[in-house]
K.L.:
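Below is one structure. I have some questions about it.
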Amino acid sequence: MMRREALAAGAVVLRGFAEPFAAELLADLDRLLVQSPWRHMTTPGGYRMSVAMTNCGPWGWVSDPTGYRYDALDPLTGHAWPAMPASFLAVATGAASAAGFEGFVPDACLVNRYEAGAKLSLHQDKDEQDHSAPIVSVSLGMPAVFLFGGRRRAEAVQRVPLAHGDVAVWGGPARLSYHGVLPLKPGQHASTGACRINLTFRRAR
Ligand code: SIN
Ligand code: FE2
């Protein structure tokens, strides 16, 4: 039985929700990486991000020295991002429904790869046009500590351990919550080796 852990109004962790689908998600990820490989993007401030990223679906999240944006083309290849695999869509829609957000149809999936030491600083997901759709975030492989705060950076932050197959969903009153990931600890996971993979589904447009 999946365990449901409330983080805040509109925010929940569905423990193990994606575990039955993990092998299929990772196999589909391998295929889309052939088309749009991992890359370390540059922040608008000129720093190389420690998390390696790619995208699939109609819109891809991109950071470069000019800023953050959603782009229909992968700047590395000049081509459209790979299509969103059916397995990705099914897990995203299913997790959103289980969290109380019916009818979520993501048009963007940012894929993050954390190696030992990689982290994501506290931020809000606010490059999307419409904030009525939730964020659905699937954790695979190595565990990590997810930081989950409030709508203002200064608010208290919860430290939430996320393991293989866990899905965090935040929307409604929690949609603009600050969140981040602490530096990944070194280790090995049977399905991803030394890495943590995160799939973040959004409605960008
Ligand atoms: C993100 O905020 O884009 C990713 C969060 C995570 O890796 O859990
Ligand atoms: Fe985020």
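Just follow the structure's listing: the first ligand is 1, and inside any ligand the first atom is 1.
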K.L.:
Mind listing the protein N/O/S atoms less than 2.8 Å away from the Fe ion (ligand 2)? Waters don't count.
P.N.:
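Atoms qualifying: His123 NE2, Asp125 OD1, His179 NE2.
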K.L.:
Are the charged groups of Arg153 and Glu155 less than 4.0 angstrom apart, N to O?
P.N.:
no
K.L.:
Which residue pairs pass the salt bridge (charged side-chain N to carboxylate O under 4.0 Å, His left out) test with at least one member in residues 169-193, sequence neighbours excluded?
P.N.:
Glu128-Arg175
K.L.:
Would you call Arg15 and Asp166 a salt bridge, taking side-chain N to carboxylate O under 4.0 Å as the test?
P.N.:
yes
K.L.:
Sort out the contact shell of ligand 1: every protein residue with a heavy-atom distance below 4.0 Å, listed by chain and number.
P.N.:
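The answer is Asn112, Tyr114, Leu120, His123, Ser137, Phe146, His179, Val181, Arg196, Asn198, Thr200, Arg202, counting any residue whose heavy atom sits under 4.0 Å from ligand 1.
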K.L.:
Restricting to side-chain hydrogen bond (donor to acceptor under 3.5 Å, both in side chains), what partner residues turn up for Gln129, sequence neighbours left out?
P.N.:
none
K.L.:
Are Arg202 and Asp127 ion-paired here, with the side-chain N under 4.0 Å from a carboxylate O?
P.N.:
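A salt bridge is absent here (no side-chain N lies under 4.0 Å from a carboxylate O).
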K.L.:
Tell me, with the steps shown, if Asn55 and Ser36 meet side chain to side chain donor-acceptor pair (under 3.5 Å).
P.N.:
CA-CA 7 Å; Asn55 288 277; Ser36 281; over 6 Å; no
K.L.:
Where does the angle between the aromatic ring planes of Phe146 and His179 fall among parallel (under 30°), tilted (30 to 60°) and perpendicular (over 60°)?
P.N.:
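Phe146 vs His179 ring planes: tilted.
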K.L.:
Do we see a donor-acceptor contact under 3.5 Å between the side chains of Arg196 and Ser139?
P.N.:
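Short answer, yes.
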K.L.:
Are there over 12 heavy-atom neighbours, none belonging to Arg69, within less than 6.0 Å of that residue's CZ?
P.N.:
yes
